[in-house]
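Right, one structure below, let's go through it.
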Amino acid sequence: MDFKNFAITKFVSCFYATDKKGRKKEFEKRRFACFILTLKGRISFTAGDVRVFSDSKHAVFLPQGLNYINECLEDAESIVLNFLTSEPYTQPASLVAVSNARAIECYNTIKKASVSLFARRRMIVYSEIYSIAAELFSERSENRMSDTIARQAVEYMMENYHDNTLTVKDVANSCYISEIYLRKLFEKKYSTTPFKKLTEIRMKRAYVLAKEKRPITEIAEAVGYGAVCQFSRAYKKYYGRSPSEE
């Protein structure tokens, strides 16, 4: 989502929200846009085929007019900043979270300033929201978040490559992102697909085991292949020779 022209036309409210695990509610035509800064727990927001998560590592932007489902996956505590925007955004967006200390500082500053009608106080409120928005939208933060997610995905693969039921969807779910987004991250960071990266991890481990002259059936099982023939084909395709030739 492009936030290049992000502009707030009106500040509405700032409050501290608590949610219990299992709470699920549908919202229609959300009255205000908002940032959700989750300090504890995890919440998902689903609008059509787009699903984003708010937790200690991810903030969320919800546009005004949005129809969505709010589901609390873990007991959660969040700071919610409501406002109106000039741009007609149509989808929720996942953002990099600020630290809990920064989120609480923002909340306290806005709550203190928003009780006054003086123009100077109103300016403090808008300044603070724009400041937090700059941190959430920053390109540097987006790159850092992408690197972190990609690294987490590879670590998950390396911990679970032996599971022959492991899928790219499982890897994406472990990072709380969609398969489509995971593919984009891998193309950008590794110039390959998640499936090919998983195959690479499996083949490198298989090579070590083949050099140790382990039985092919044992190697296949150890690197996540349910059938020996499937493993042998994959190995030959990757190395140009069969595992028995090592």
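The figures that follow rest on heavy atoms only: side chains count, while hydrogens, waters and symmetry mates do not.
Residues passing the ring pair (Phe, Tyr, Trp, His ring centres under 6.0 Å) test with Tyr225 are Phe231, sequence neighbours excluded. Listed by chain and number, the residues in a ring pair (Phe, Tyr, Trp, His ring centres under 6.0 Å) with Phe45 amount to none (sequence neighbours excluded). With sequence neighbours excluded, the residues satisfying ring pair (Phe, Tyr, Trp, His ring centres under 6.0 Å) with Tyr68 are Phe27. Legend: residues meeting ring pair (Phe, Tyr, Trp, His ring centres under 6.0 Å) with Phe186, ordered by chain and number and at least two apart, are Tyr190.
Note on Glu71 versus Arg23: no salt bridge recorded, every NZ/NE/NH1/NH2 to OD/OE distance being 4.0 Å or above. Using a 4.0 Å cut-off between charged side-chain N and carboxylate O, Lys213 and Glu246 make no salt bridge. Under 4.0 Å is where a charged nitrogen must lie from a carboxylate oxygen, and between Lys196 and Glu200 no such pair does.
A pairwise comparison of heavy atoms in Thr38 and Asn100 identifies O-OD1, 4.3 Å as the closest pair. Ser78 approaches Ile43 most closely through the heavy-atom pair OG-CD1, 3.6 Å. Closest approach of Phe11 to Tyr126, counting heavy atoms only: N-OH, 2.8 Å. Summarising the geometry of Ala97 relative to Ser56, their closest heavy-atom pair is CB-O, 3.5 Å, with the distance given to 0.1 Å.
Between Glu179 and Lys169, the closest side-chain pair of non-hydrogen atoms falls below 4.5 Å. Residues Ile110 and Leu81 are in side-chain contact: their nearest non-hydrogen atoms beyond the backbone lie under 4.5 Å apart. Using a 4.5 Å cut-off on side-chain heavy atoms (C-beta onward), Arg202 and Leu166 make contact. Using a 4.5 Å heavy-atom threshold, the side chains of Thr9 and Thr85 count as separate. Within the 4.5 Å cutoff, the side chain of Arg42 has no heavy atoms near those of the Lys21 side chain. Counting only heavy atoms from C-beta outward, the side chains of Ser244 and Ile216 approach each other to under 4.5 Å.
Under the 3.5 Å distance criterion, the side-chain polar atoms of Glu159 are left unmatched by any main-chain donor or acceptor of Tyr156. At distances below 3.5 Å, at least one donor-acceptor pair connects side-chain atoms of Asn67 with backbone N or O atoms of Lys29. Checking side-chain atoms of Tyr239 against main-chain N and O of Met203 turns up a donor-acceptor pair under 3.5 Å. Under the 3.5 Å distance criterion, the side-chain polar atoms of Ser127 are left unmatched by any main-chain donor or acceptor of Ile124. Judged by distance alone, with hydrogens and angles left aside, the side-chain atoms of Asn160 form no donor-acceptor pair with the main-chain N or O of Asp163 at under 3.5 Å. When atom types are taken as modelled, the side chain of Thr109 and the backbone of Glu105 share a donor-acceptor pair closer than 3.5 angstrom.
Other members of the hydrophobic cluster containing Phe32, listed by chain and number, are Val12, Leu84; membership follows side-chain contacts under 4.5 Å among ILVMFWY residues, whether direct or relayed.
Rounded to the nearest 0.5 Å, atoms CG (Leu185) and CD (Glu187) are 10.5 Å apart.
There is a side-chain donor-acceptor pair under 3.5 Å between Arg102 and Ser131.
Phe83 and Phe61 have parallel rings, their planes meeting at less than 30° on a 0 to 90° scale where 60° marks the start of perpendicular.
The salt bridge (charged side-chain N to carboxylate O under 4.0 Å, His left out) analysis of residues 89-99, with sequence neighbours excluded, yields no pairs.
Taking the six-membered ring for Trp and the full ring otherwise, the centers of Tyr207 and Tyr238 sit at least 6.0 Å from each other.
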